[in-house]
A.B. asks: 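To start, I am sharing the structure in question, which I have written as structure tokens.
Numbers restart at 1 for each chain; the letters A, B, ... are given by sequence-line order, proteins then strands. Only this structure's heavy atoms are used, side chains among them; waters, hydrogens and symmetry mates stay out. Owing to the predicted nature of the structure, the values given are computational and were not obtained by experimental measurement.
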Amino acid sequence: MSATNEAGVPHGQKRKREEKDVSNKKKVQSDKPPQIYKNLQLAESLKDAPKKPVYKNLQIAESLKAQSKAKNQLLGKSQKAEKPKFKNLQIAESQKTVANGAQDDEGPNVESQKQEYRDNRPQNPLAARQKNLLEVRQSLPIWSQAANIRNALLENHVLILAGETGSGKSTQVPQFLHTSAWCTGRIAVTQPRRVAAVSLARRVAEEMGTPLGKSPQALVGYNVRFDDNVGKNNKVKFLTEGMLLQEMLRDPALVEYSCVVVDEVHERSVNVDLLLGFLRGLVTGTSEAAKKRKGKPLKVVVMSATADTEKLKDFFSEGFGEPRAEDNIPAVNDTTSLNKDDASVEKPQVPSASSSGKISTCFVEGRMYPVQTEYLSEPTRDFSEAALLQIFQIHRKEPMPGDVLVFLTGGDVITNLQQAIEDMIPNVITRDSGLPKLLVLPLYAALSQAQQQAIFSPAPPNTRKVILATNIAETSITVPGVRFVIDSGKAKIKQFRNRLGLDSLLVKDISKSSAIQRQGRAGREAAGKCIRLYTKPNFEALEKDAVPEILRCDLSSAVLTMKARGVQDVMSFPLLTRPSREAMERALLLLLQLDALNPEDGNISDLGRKIARLPLTPAHGRTIVAAADPEMGCLLPVIDIVACFNSENIFVEIKDQDANDEAREARNKLSRRQGDHLTLLSAVQAYASERTDRKQWAKQHLISHRSMQNVMDVRKQLRAQCQQAKLITKEELAAADDDLDTVSESTGNNILKCFLRGFPANVARLVPDGSYRTIQGHMAVAIHPSSVLYSRKLEAILYNEFVYTNRTYARSVSAIQMNWLEEVYAAPT
DNA sequence: GAGCACTGC
């Protein structure tokens with residue numbers, strides 16, 4: 001047992017403590033990047049690489065691109081030939097669509113802002129930067145709409161704003177609004193991703209000429225998981241959707257805010273759908289929580305990249321007591337209703353009489369270069385082969401510079417295609433010796449930061465980059481330098497099947513809007529070209545929009561989210577898209593099984609409230625609560641395991657060639673005969689008890705250091721939250737050390753019993769033919785080959801997930817005893 | 001003997 005003396009403070013912890021004392025700017029420079037950067041998959045590079053380009057390279061905000069736009073404009077008139085074409089969103093009379101009669105035509109506070117930096121001392125670098133940025137801001141398409149937007153919210157409480165990438169909406173709208181008279185509280189701006197929230201906040205702070213975050217002068221802050229950088233005087237706060245939902249637990253009326261801007265609504269995450277439901281109740285004053293605002297108005301701005309604002313408008317109109325437009329039979333000549341589902345007709349949509357002046361809509365054109373689109377004349381059976389052909393055709397025919405971005409389905413397809421291209425390169429390039437070189441780069445989430453980073457480094461001279469990417473390049477990462485896009489038209493899509501209680505992850509056709517999004521990636525820096533590896537009729541036949549996540553996932557989390565925020569009748573909670581009754585009922589049933597709801601009235605129980613506060617699925621939350629029961633007494637180890645399930649796979653794939661026997665043996669030592677749960681635990685504990693060089697340790701054990709760092713972050717957060725929820729005392733937590741202890745047989749059993757409590761449906765038993773069948777539903781289940789229990793025959797198994805790929809697999813599996821079931825499910829809590 | 005798209009509290 002190694003003592004935790006002063007000198008023995010684990011590396012990471014000590015550093016973290018030091019970090020707390022330094023300012024934000026220093027944070028970025030410190031040898032260990034702050035939490036958020038670690039999650040950018042770019043952390044490693046941050047240490048050495050200059051900071052700016054990193055942020056720039058990420059898909060962040062329209063505004064960052066504005067810089068390059070402005071640069072293009074400065075480059076001179078010669079660029080006029082390639083003048084960005086406004087995409088089909090462009091609406092000549094868009095101003096009319098906002099509230100009637102713009103009063104100040106001049107843009108937002110130009111004079112007052114000018115005055116502001118005149119007043120600042122000239123040597124103030126923030127003010128100087130602000131001044132420079134003002135010119136860039138004024139060149140954004142949204143700038144001319146500033147007065148309209150301000151006036152719209154003066155009169156109405158809801159603004160629906162459609163603006164494509166490049167319009168500047170994410171950065172400018174909060175700045176247009178924060179000086180309005182009604183804006184006495186804060187403006188929240190939600191984002192689906194953490195990176196976006198952080199980088200937008202940074203940018204807006206710069207544009208406003210103030211520091212970011214906690215400083216008393218700071219007007220802009222952000223709050224994302226693992227990184228709270230909000231100051232008392234912040235007027236604008238960027239946060240992730242999940243964070244705002246979490247805030248609603250303690251403040252369901254959002255009283256600290258005067259305005260909530262919901263950005264990227266078209267992505268339709270479950271969280272955004274829930275958020276819109278809550279906001280509708282608040283803005284219309286129809287929900288219980290709305291009373292707590294005591295008459296203080298709330299303004300809601302809903303921003304989307306697609307022009308389809310009708311659905312959103314109908315949704316809010318309904319909240320104001322108007323019937324949804326669908327309920328009306330459209331008159332034959334009523335073009336506004338007829339056009340609703342016609343993607344090709346995107347005309348300005350003047351607020352119709354039915355909106356009764358409560359909802360404004362506004363369109364802002366995006367800024368983008370034209371993209372020429374080609375289709376295959378015949379459908380292809382093998383999109384990899386078709387892509388291979390097109391890549392070399394582009395390389396032969398198209399001028400440099402111009403990198404190629406290929407949208408594919410998954411890591412394996414990407415690896416194979418990369419191999420195929422590299423095999424062909426010698427033939428093609430030597431045969432035609434005038435050709436530039438080709439550099440093939442894979443891009444998908446499971447790659448290490450360093451590998452992902454490669455797409456951002458400039459190619460060597462006379463080299464064309466070919467990036468083979470998954471959907472990650474559609475929303476999360478913007479690849480610079482791309483002029484050619486090849487679109488397979490496919491993506492892997494996860495779908496939860498309620499009846500079977502399993503997730504399937506299958507290759508499916510993408511939606512039209514997804515195809516358009518992919519196409520747009522070719523026109524960000526110059527005119528480009530998009531080759532679709534399917535026919536034009538195929539494209540026309542695609543669904544208009546992707547199926548929203550809320551129709552594709554297990555609803556137990558969403559339902560608990562509603563219940564915990566005061567929604568009693570979840571069936572009538574306003575949702576943009578209503579899931580099936582069956583899916584809702586299944587979720588309610590599971591929550592009842594988990595004791596999260598009272599069986600008498602279906603309201604949330606005390607236990608349910610505890611679960612709802614944790615950043616986990618209800619099943620994992622229930623497991624944690626079970627582990628805190630003194631009879632079980634295994635909270636800390638259960639947290640370690642749950643943390644693993646909430647991070648990427650910690651085990652690095654063992655490839656026969658590169659794994660040496662030593663590492664393999666080291667890895668094997670971590671494995672536990674009881675199964676994957678305790679194997680994960682032993683890995684976390686061994687890692688945590690490593691005091692000298694964790695990175696080296698991870699390498700030696702074929703464990704992903706990055707994943708493990710994330711596990712440690714989640715573990716820390718869960719420990720703190722459990723203490724807050726009084727599931728563990730401060731003293732107990734302080735006494736916990738990371739010394740390597742062997743988990744006793746009985747503790748091991750207790751741990752598995754806790755998981756049993758959280759996963760009543762994920763149990764299967766061995767049947768006479770040697771296969772496993774689930775106890776609920778008698779479905780055939782096979783142990784996934786990645787499990788330490790693969791090919792073992794055990795009395796019964798418990799598993800963390802049930803997925804369908806080629807067959808139905810149980811992943812993360814442990815052995816249990818049938819006689820535990822009675823004990824676990826009979827026990828009162 | 002499989003092979004996991006992508007986010008988020």
A.B. asks: What is the separation between atom CG on A/L443 and atom C1' on B/dC6, rounded to the nearest whole Å?
C.D. replies: 12 Å
A.B. asks: Take atom CG of A/L447 and atom C1' of B/dA5, then tell me their distance rounded to the nearest Å.
C.D. replies: 13 Å
A.B. asks: NA contact type, A/L505, heavy-atom cut-off 4.0 Å: base, sugar-phosphate, or nothing?
C.D. replies: base
A.B. asks: In whole angstrom, what separates A/N646's CG from B/dG8's P?
C.D. replies: 13 Å
A.B. asks: What's the NZ-P distance between A/K494 and B/dC6, to the nearest Å?
C.D. replies: 11 Å
A.B. asks: Nearest whole angstrom, please: distance from the P of B/dT7 to the CZ of A/R225.
C.D. replies: 14 Å
A.B. asks: Do A/L718 and A/P615 have side chains that get closer than 4.5 Å, going by heavy atoms?
C.D. replies: yes
A.B. asks: Please report the distance, rounded to the nearest Å, between CZ in A/F651 and P in B/dA2.
C.D. replies: 21 Å
A.B. asks: Go through B/dT7, B/dA5, B/dC9 for me and flag the one nearest to the A/T470 side chain.
C.D. replies: B/dA5
A.B. asks: Which listed nucleotide (B/dA5, B/dT7, B/dA2) is nearest to the side chain of A/P785?
C.D. replies: B/dA2
A.B. asks: OP1, OP2 of B/dC9 versus side-chain N and O of A/R194: anything below 4.0 Å?
C.D. replies: yes
A.B. asks: How many whole angstroms separate atom CD1 of A/I550 from atom C1' of B/dT7?
C.D. replies: 15 Å
A.B. asks: Has A/T475 got a side-chain N or O lying under 4.0 Å from the OP1 or OP2 atom of B/dT7?
C.D. replies: no
A.B. asks: Does the salt bridge (charged side-chain N to carboxylate O under 4.0 Å, His left out) test come out yes or no for A/K512 and A/D545, once each step is laid out?
C.D. replies: CA-CA 6 Å; A/K512 255 185 209 158; A/D545 291 303; over 6 Å; no
A.B. asks: Once you apply a heavy-atom cut-off of 4.0 Å, does A/T240 come out as touching a base, just sugar-phosphate, or nothing?
C.D. replies: sugar-phosphate
A.B. asks: Of the nucleotides B/dC9, B/dC6, B/dA2, which one has an atom closest to the side chain of A/H784?
C.D. replies: B/dA2
A.B. asks: Closest nucleotide of DNA chain B for A/Y444 versus for A/R613: which of these residues is on the 5' side?
C.D. replies: A/Y444
A.B. asks: Hey, what's the ring geometry for A/F645 with A/H677, parallel, tilted or perpendicular (30° and 60° as the breaks)?
C.D. replies: perpendicular
A.B. asks: Would you call the rings of A/F759 and A/H620 parallel, tilted or perpendicular, taking 30° and 60° as the class edges?
C.D. replies: perpendicular
A.B. asks: Nearest whole angstrom, please: distance from the C1' of B/dC9 to the CD of A/E549.
C.D. replies: 13 Å
A.B. asks: State whether A/E247 and A/K237 are salt-bridged, where the test is any N-O pair (Lys NZ or Arg NE/NH1/NH2 against Asp/Glu carboxylate O) under 4.0 Å.
C.D. replies: yes
